[in-house]
Amino acid sequence: MPSNSLLYFITQIINFPGFKATNYHFITENELLIELENKQTSATCPHCGKSTSKVHQSHRHRVRDIPVSSFDVFLNVNRRQFRCPNCQKVFSEELSFVKKRRTYTKRLAQKVVEEVLATDVVNTGKRNRMSPAEIETILKEMEAVSIDLWVPYKSVVEELMPNAQVVADRFHVMKQVNEELDYRRKTEKKQAEKIKNKTERERQISGIKESKYPLLKKKEDLNETEKSKLSVLKEVMPELMDMYDRKEKFRDIFESQITGDEAFWQLVEWTESSYKDFPKSCQTIKRWIAEILAYFDNRTTQGAVEGINQKIKLIKRRAYGLNNFANFRRRVLLNWHFSPNLS
Ligand SMILES: [Zn+2]
């Protein structure tokens, strides 16, 4: 038996809180097997919540862990089965570092995914002495975790990009803002027509009449007639003109020479103050925020689409070793989850 101080040292190296190394040996000249024991002698019954130390059976099994130096490390783990004296049910203990029925530790899975994303499946397999099938199992499992953490980008991948081209287009977003403004104009006009007081009704109708095109135009493109039209409208329907001002503010954001980061904060501010009047536009902005910000960083609509395409190409290249669409999709998901700023 190895000395206690050596076992203590191995326990420290392996570093799974609550577990200690009880023995070790070399399987081959570069494979190390370490036996691990849970220091706790009792476990909590998941059925009734009572604690018990009555071991029913022990299941030793081998799981692979991250390497130490040049050694591949395997752990001989004892997953004990307890029989609860209170409810008589049998249960096996949870181990924090390895999932049930898995042959690798959680931290090894994490390492493999990171390596696949940084290089590709074939090279990761070689470096870790794993088959592509083993790596694929790990990737599949991580995908499930990624999808949950991935809500803001999920829609992008679900529709796998072709739509991003349309929606991230600044003119497309601008169009939606204009549509909401125009919809409000129509609603206000209908409201005005229902006013009982004749003088007030006529004042409002004449104020809003023929305002459609001035409202949709850029401030700097307005001629004198249109300008005075809008200043009359402002007296009659200040809220509608406030929407016009925010529409123009939105255009300013897109036309100013700012980075994606700066645009992000301006758009956050805009959506916060405009949600009530431009609900659809705000939803679109939130849904496509990644693509819209890519537009700012790439300056042109075409550039934003190109940025996304480049990213996909890079993922495809790294996917070397994975050959079907499901795998490709999984990689896109993982890639965005692990490195959202990759470009
Ligand atoms: Zn129980």
Side-chain angles (χ1 to χ4, degrees), residues 1-27 31-68 71-114 116 128 130-131 133-152 154 326 330 333-334 337-338:
M1 278 292 283
S3 70
N4 281 341
S5 60
L6 181 54
L7 289 175
Y8 178 76
F9 174 73
I10 295 171
T11 300
Q12 295 302 106
I13 295 279
I14 294 299
N15 191 27
F16 287 128
F19 287 80
K20 61 178 183 188
T22 55
N23 206 347
Y24 79 94
H25 70 266
F26 290 95
I27 310 167
E31 289 177 314
L32 175 62
L33 180 73
I34 295 166
E35 284 184 25
L36 280 186
E37 279 293 341
N38 197 331
K39 287 190 216 166
Q40 260 192 325
T41 53
S42 62
T44 305
C45 172
H47 308 288
C48 72
K50 286 260 158 62
S51 177
T52 177
S53 53
K54 201 174 171 210
V55 176
H56 174 64
Q57 275 179 329
S58 280
H59 291 287
R60 286 212 158 264
H61 66 120
R62 191 178 283 193
V63 296
R64 181 148 172 206
D65 194 18
I66 52 174
V68 172
F71 297 104
D72 289 341
V73 174
F74 294 86
L75 307 172
N76 195 335
V77 182
N78 186 12
R79 197 190 292 270
R80 296 166 297 182
Q81 245 184 12
F82 292 86
R83 182 183 289 280
C84 175
N86 185 50
C87 71
Q88 300 302 317
K89 285 183 177 149
V90 171
F91 65 95
S92 53
E93 65 183 326
E94 286 291 336
L95 303 174
S96 57
F97 56 90
V98 58
K99 287 191 186 165
K100 271 178 195 163
R101 288 182 288 276
R102 292 293 175 274
T103 56
Y104 46 86
T105 59
K106 290 179 186 173
R107 65 188 182 190
L108 177 62
Q110 177 83 20
K111 175 180 179 281
V112 164
V113 170
E114 281 165 12
V116 170
N128 290 283
M130 281 183 176
S131 71
E134 285 174 303
I135 288 176
E136 194 177 325
T137 310
I138 290 176
L139 290 178
K140 265 184 199 158
E141 198 160 289
M142 290 303 268
E143 179 193 22
V145 180
S146 285
I147 287 174
D148 291 342
L149 296 170
W150 208 71
V151 176
K154 206 171 161 190
R330 183 174 310 129
L333 279 166
L334 289 168
H337 168 52
F338 279 91

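Start at 1 and go down the list; that is how both ligands and their atoms are numbered.
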Original post:
Can you find a heavy atom in the side chain of Arg62 that is under 4.5 Å from one in the side chain of Asn76?
Top reply: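 Heavy-atom side-chain distance check fails, nothing below 4.5 Å.
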Original post:
Using 30° and 60° as the class limits, which term best fits the ring planes of Phe91 and Phe82: parallel, tilted or perpendicular?
Top reply: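 Judged by the thresholds at 30° and 60°, the geometry between Phe91 and Phe82 is parallel.
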Can you list, pair by pair, the side-chain donor-acceptor contacts under 3.5 Å of residues 5-19, counting residues two or more places apart and other chains?
{"residue": "Ser5", "atom": "OG", "partner": "Ser3", "partner atom": "OG", "Å": "3.3"}
{"residue": "Thr11", "atom": "OG1", "partner": "Leu7", "partner atom": "O", "Å": "2.8"}
{"residue": "Thr11", "atom": "OG1", "partner": "Ala21", "partner atom": "N", "Å": "2.9"}

Original post:
Do Glu93 and Lys100 sit within salt-bridge range, that is, some charged N less than 4.0 Å from a carboxylate O?
Top reply: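 Not counted as a salt bridge, because no side-chain N and carboxylate O are separated by less than 4.0 Å.
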Subject >> Polar protein atoms near the Zn ion (ligand 1) [N, O or S; cut-off under 2.8 Å] >> reply: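 Within the sphere that stays under 2.8 Å of the Zn ion (ligand 1), the protein atoms of type N, O or S are Cys45 SG, Cys48 SG, Cys84 SG, Cys87 SG.
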Original post:
Thr41: what forms a side-chain hydrogen bond (donor to acceptor under 3.5 Å, both in side chains) with it, not counting sequence neighbours?
Top reply: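 Per chain and number, Thr41 pairs via side-chain hydrogen bond (donor to acceptor under 3.5 Å, both in side chains) with no residue.
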Original post:
Who are the side chain to side chain contact (heavy atoms under 4.5 Å, CB included) partners of Asn128, not counting sequence neighbours?
Top reply: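 Once residues adjacent in sequence are excluded, the partners of Asn128 under the side chain to side chain contact (heavy atoms under 4.5 Å, CB included) criterion are Arg64, Lys111, Glu115, Thr124, Met130.
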